[in-house]
Protein chains: 2
Amino acid sequence: MPLAHRVPDLGALELLLAVARLGSLGRAARATGITQPAASSRIRSMERQLGVALVDRSPRGSELTDAGVLVTDWARRVVEAAEAFDAGAQALRGRRDSRLRVAASMTIAEYLLPGWLVALRAQRPGTAVSLFAGNSSAVAARLLAGEADLGFVEGLDVPAGLDGAVIGRDRLIVVAAPAHPWSRRRRELTAAELAATPLILRERGSGTRQVLDAALAGHGGLADPLLELASTTAVKAAVVSEAAPSVLSELAVGEELTARRLVEIPVAGLRLVRDLRAVWPTGQRPAGPARHLLGLTRGAA
Amino acid sequence: MPLAHRVPDLGALELLLAVARLGSLGRAARATGITQPAASSRIRSMERQLGVALVDRSPRGSELTDAGVLVTDWARRVVEAAEAFDAGAQALRGRRDSRLRVAASMTIAEYLLPGWLVALRAQRPGTAVSLFAGNSSAVAARLLAGEADLGFVEGLDVPAGLDGAVIGRDRLIVVAAPAHPWSRRRRELTAAELAATPLILRERGSGTRQVLDAALAGHGGLADPLLELASTTAVKAAVVSEAAPSVLSELAVGEELTARRLVEIPVAGLRLVRDLRAVWPTGQRPAGPARHLLGLTRGAA
DNA sequence: TGGGGACATAAGCTGGAGTTATGTGCAGCG
DNA sequence: CGCTGCACATAACTCCAGCTTATGTCCCCA
């Protein structure tokens, strides 16, 4: 359980990446703003903690061992996730005087925006971004009030008073635990079967739920849910442990699918997709940083 | 640059997840093995560091704020990456007396195995796994010497003396920087064009290079590379900064594609795929933990 | 109105990570 | 051949972040 005691500090992982990149403890130390002895000791204690030699030291520099290469690649993923966290958190704190004020739906803010912000930061360092997250109407209100420069929403329609461009699609997929009978079916599920089955769902009013309701209206209508939960995370947890399927955004379950904690159940003849849109007040085409961010988002999902 | 100073500790992120899950600082504290005041102070200093209120405290418990929900979701990604790191590192240290000894090619060990190990740990906690990473022939040698129970290789053929099962495919894709002319082409690239262009590549002998050589043999043969580098990471960095394309495993560039640091260039009529295989000594079908891990890997990539 | 749950505050301890100063080993060169 | 430069290791000391225990405050509920 105490993961933090078995995984090196973020600072140590960054240092390791610097050693890999620069080929010497001393240079890596300078690059990360510490002294050479500090770097030396930190790498050493990381090796002690992991029980694996990571770098080959020599009087001419330091190189990663074979194990070190692997560990460094795994470390890179942690650091990248931390960068996304940082980009998101910065934007969340961002003051109203930011150069680029973004308003986004929860799903987009959760899964896509941090990556875009990392890319933006790489290409235009120093662009101060602020982020507001809320539902579609709240995003629209912000834009119309002039309190945001660019919005992102998912859903079937563009809110009144806004122009928009489709930047990607979000597919809703049926998921079940690997142990669930549906995971072993040979024939595709039918829409009617799906409609008739009590599912684990977000509460009524969520965007996902609306799309699902609409799509199954012609197939007998959605059965009463087995369980209604307030957050996507809670739904995922319930699907994994309980024995009922759910319908979730593919953005939300990518991780779970690759780790096989959840399995996607194909459904015959049912397209549960919703567009992801960038939106802005009618007539005011995005310019400057907003235009640049918009360019980064094409082809999302 | 000093990312670690702006992102909370892994321990703090874990604690935040526990608060989200359990709805109270005190319970979260107990769950993570610290006392309530420690948790209180840690969450508070995280809020100070991020400049955002994360939890609403009340005498009846604590709930995440709207911003807290977002931050927690981003934190979850960091923690999941750390879990993969941990699972990998544990296996790397694993002693020879492990219950399951895995040998895998570098690509698979880097990108796929940690996720499988996390899944395995969730389903069969306490299965001690050890990992050896090397090229196909080294993996084969381990298996044939009885020093490994299950192997994973990518490539065109099954090494002699081994049986195997295809568990997925790895597609090699042409990538370029967004600023590169190929990223703006309207017409698909032809195989002959690709063959005639000097690329940034791994050194001769790497698996990727072999597949590429074979596939382009009928299209005039691969031109001399512009640059030959020793690691996939170095190749990616060169493609991003230099003005030349490369051909890389889609496993290696997933992150870069979604962040738009790299762009995939479609090529007409060229299928650069290689199978990912689980392998074992002829006749000795995997049993026990090996069989279970094998089950987790189906449908990879 | 008293008890219990939940969070905050206070005071003191500890260890990890950092710093400066110095030592060792190796390569290249005048 | 010894000097210089570079890289890593060791030693001694400092400091602060995070932990603990003890106690206070607030609110709900029986």
**OP:** With heavy atoms under 4.0 Å as the rule, sort Ser62(B) into base, sugar-phosphate or nothing.
**Re:** sugar-phosphate

Considering only [options], which nucleotide approaches the side chain of [X] most closely?
X        : options                   : result
Ala38(B) : dC19(D), dA17(C), dT10(D) : dC19(D)
Leu25(B) : dC7(C), dA10(C), dA27(C)  : dC7(C)
Pro37(A) : dT20(D), dT20(C), dG18(C) : dT20(C)
Ser45(B) : dG18(D), dT9(C), dC28(D)  : dG18(D)

Just to confirm, is there a sub-4.0 Å distance from OP1 or OP2 of [N] to any side-chain nitrogen or oxygen of [X]?
X        : N       : answer
Arg57(A) : dA7(D)  : no
Ser24(B) : dC7(C)  : yes
Thr35(A) : dG18(C) : no
Arg60(B) : dG5(C)  : no
Arg27(A) : dA7(D)  : yes
Ser40(A) : dA9(D)  : yes

Protein-nucleotide distance ([X], atom [atom1]; [N], atom [atom2]), rounded to Å:
X        : N       : atom1 : atom2 : result
Gln49(B) : dC16(D) : CD    : C1'   : 15 Å
Leu10(B) : dG18(D) : CG    : C1'   : 15 Å
Asp9(A)  : dA17(D) : CG    : P     : 14 Å
His5(B)  : dG18(C) : NE2   : P     : 8 Å
Glu47(B) : dC7(C)  : CD    : P     : 12 Å
Ile43(A) : dA7(D)  : CD1   : P     : 16 Å
Arg44(A) : dA7(D)  : CZ    : P     : 17 Å
Asp56(A) : dC26(C) : CG    : C1'   : 16 Å

Subject >> Residue pair Asp9(B), Arg42(B): steps toward the side chain to side chain contact (heavy atoms under 4.5 Å, CB included) verdict >> reply: CA-CA 10 Å; Asp9(B) 218 54; Arg42(B) 212 151 187 208; 2.9 Å; yes

Subject >> Side chain Gln36(B) and base dA6(C) donor-acceptor under 3.5 Å >> reply: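 By the distance-only test, no, there is no pair.
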
Original post:
Mapping Ala39(A) and Ser41(B) onto DNA chain C by nearest heavy atom, which one lands closer to the 5' end?
Top reply: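 The residue whose closest nucleotide sits nearer the 5' end is Ser41(B).
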
**OP:** Map Arg42(A) and Pro59(A) onto DNA chain C by nearest heavy atom, then report which one ends up closer to the 5' terminus.
**Re:** Arg42(A)

**OP:** Determine, stepwise, if the pair Val175(B) / Glu256(B) fulfils side chain to side chain contact (heavy atoms under 4.5 Å, CB included).
**Re:** CA-CA 10 Å; Val175(B) 292; Glu256(B) 279 75 10; over 6 Å; no

Subject >> Rounded distance (nearest 0.5 Å) linking atom CD of Gln90(A) with atom OG of Ser130(A) >> reply: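 The CD atom of Gln90(A) sits 12.0 Å away from the OG atom of Ser130(A).
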
Subject >> Side chain proximity check, Thr107(B) to Thr208(B), heavy atoms < 4.5 angstrom >> reply: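 A side-chain contact is absent here, since even the closest heavy-atom pair is not under 4.5 Å.
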
Original post:
How far apart are the C-alpha atoms of Glu110(B) and Arg76(A), what are their side-chain angles, what is the distance that settles it, and do they pass the side chain to side chain contact (heavy atoms under 4.5 Å, CB included) test?
Top reply: CA-CA 11 Å; Glu110(B) 267 183 46; Arg76(A) 189 170 291 111; over 6 Å; no

Subject >> Among Trp116(B), Tyr111(B), Phe132(B), ring pair (Phe, Tyr, Trp, His ring centres under 6.0 Å) partner for Phe152(B) >> reply: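 Result: among Trp116(B), Tyr111(B), Phe132(B), Trp116(B) is the only option passing the ring pair (Phe, Tyr, Trp, His ring centres under 6.0 Å) with Phe152(B).
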
